[in-house]
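One structure is given below, encoded as structure tokens.
Protein chains get the first letters and strands the later ones, always in sequence-line order, with residue 1 at the start of each.
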Amino acid sequence: MKFMVVDDSEVIREKISNVLNDEEFEIVGTAKNGEEAVKQFTELQPRVLTMDITMPKMDGIETIKRIIGIDDTVRILVVSALSDKATLIKAMHLGASGFLCKPFSDLDLAEAIDELIEDLV
Amino acid sequence: MKDEKLAVFVDALSNYFETTTDTAANVGTPFLINNINDYLDDFTGIIGISGNHKGSVFYSTPKRKAMQLLAEMGLMTTMDSKLMDLVGEVCNTIAGNARRDFGEDFILSVPLLLQGKGSDIAVSNVTSIYIIPIVWKGTKSHLIINLEED
């Protein structure tokens, strides 16, 4: 399953890629802001994304809106430190499918992804 | 900022180390300081805050601790750029978690990253500067809070 990681932190992009780069997932791209993510999304057509919220150039909320506008069947897991209810509701309202609050363990991430793609596999 | 609100940052720090590593950190009692520069270490991440609070949150750490923390995350490196990225992410996570208590009007900037001790940083001298010490695996780092409520 094609997977893409969107986060302005290189460390987080690497951590998520390391946890998920197994037989089930193929990491087809990583992006450090929303602009890069939208550009790569059209080209690489991943089925699942992780999405940070606070990023330079284009934040995660705007990026979710644009990506869902291109393909509303994609599964987006928001992975963010912004743990207030309003951010969660806004992201879900725009089409995100799940929310994982930073900080997270490898197990937290694996479980959140399993739940996200339960009906796809 | 009211002293009792510092508990939000103490809890976020404890949770960060507990969740990200196998070793809990000893998060100390916050105390007031006059000069922020005395507490800046090899790498510092700064998050600017606007909205219902104004000011900054800093996380500053020695290089050795940043390398240990990254290694715990399964990422071995001595590259300064990656270590700086890590301190920015720690600072962003702690400040972001505070939104659970302070609400969506607690608005965060993207991280500003500094390398090197002795930086000549000036912050508001109207607002109190609090230090929260963190000892993890025998090495000390600091969270620095310089916030006023709007």
- Query: If you tally heavy-atom pairs under 4.5 Å against chain A, which of B:M73, B:K82, B:R99, B:E104 wins?
  - Reply: B:R99

- Message: Between A:K85 and chain B, with a heavy-atom cut-off of 4.5 Å, which part of the residue counts as in contact: side chain, backbone, both or neither?
- Response: neither

- Message: Do B:L6 and B:Y59 sit in one hydrophobic cluster, given that two such residues count as connected whenever their side-chain heavy atoms are within less than 4.5 Å of each other, even indirectly?
- Response: yes

- Message: Can you confirm whether B:K54 is buried at NZ, in the sense that more than 12 heavy atoms of other residues, nucleotides or ligands lie under 6.0 Å from that atom?
- Response: yes

- Task: Determine whether more than 12 heavy atoms belonging to other residues, nucleotides or ligands lie under 6.0 Å from atom CG of B:N35.
- Result: yes

- Message: Return the CG to NZ distance between B:N97 and A:K102, rounded to the nearest 0.5 Å.
- Response: 10.5 Å

- Task: Could you tell me the separation between the CG atom of B:D105 and the CG atom of A:D84, rounded to the nearest 0.5 Å?
- Result: 9.5 Å

- Task: Consider only side-chain heavy atoms of I, L, V, M, F, W and Y, link residues closer than 4.5 Å, and tell whether B:I36 and B:L112 are in one cluster.
- Result: yes

- Message: Count I, L, V, M, F, W, Y as connected when their side-chain heavy atoms are under 4.5 Å apart, and connections chain through other members. Are A:I64 and A:M58 then in the same cluster?
- Response: yes

- Around atom CD of A:E115, are there more than 12 heavy atoms of other residues, nucleotides or ligands at under 6.0 Å? no

- Message: Can you tell me which portion of A:N18 sits under 4.5 Å from chain B's heavy atoms? Options are side chain, backbone, both or neither.
- Response: side chain

- Query: Among A:I12, A:D7, A:D106, who wins on heavy-atom pairs under 4.5 Å with chain B?
  - Reply: A:I12

- Just how far is it from atom CG of B:D85 to atom CZ of A:R13, taken to the nearest 0.5 Å? 7.0 Å

- Can you tell me how far CG of B:N92 sits from CG of A:D52, rounded to the nearest 0.5 angstrom? 7.0 Å

- Hey, quick one: are A:V19 and A:M1 part of the same hydrophobic cluster, counting side-chain heavy atoms closer than 4.5 Å, chains of contacts allowed? yes

- Item | Test item: B:T19 and A:D108 side chains (from C-beta on) under 4.5 Å apart, heavy atoms | yes

- Task: Check each atom of B:S109 against the heavy atoms of chain A and say whether the ones under 4.5 Å are side chain, backbone, both or neither.
- Result: backbone

- Item | Residue B:I94 versus chain A: region with a heavy atom under 4.5 Å | neither

- Message: Hydrophobic clusters here meaning ILVMFWY residues chained together by side-chain heavy-atom distances under 4.5 Å, can you tell me if A:V79 and A:F25 are in one?
- Response: yes

- So OG1 of A:T87 and CZ of B:R100: to nearest 0.5 Å the spacing works out to 11.5 Å

- Query: Measuring heavy-atom distances to chain A, does B:E89 have an atom under 4.5 Å in its side chain, in its backbone, in both, or in neither?
  - Reply: side chain

- For the atom pair CG (B:L70) and CD (A:E14), what is the distance rounded to the nearest 0.5 Å? 7.5 Å

- Quick check: are there more than 12 heavy atoms from other residues, nucleotides or ligands sitting under 6.0 Å from NZ of B:K63? yes

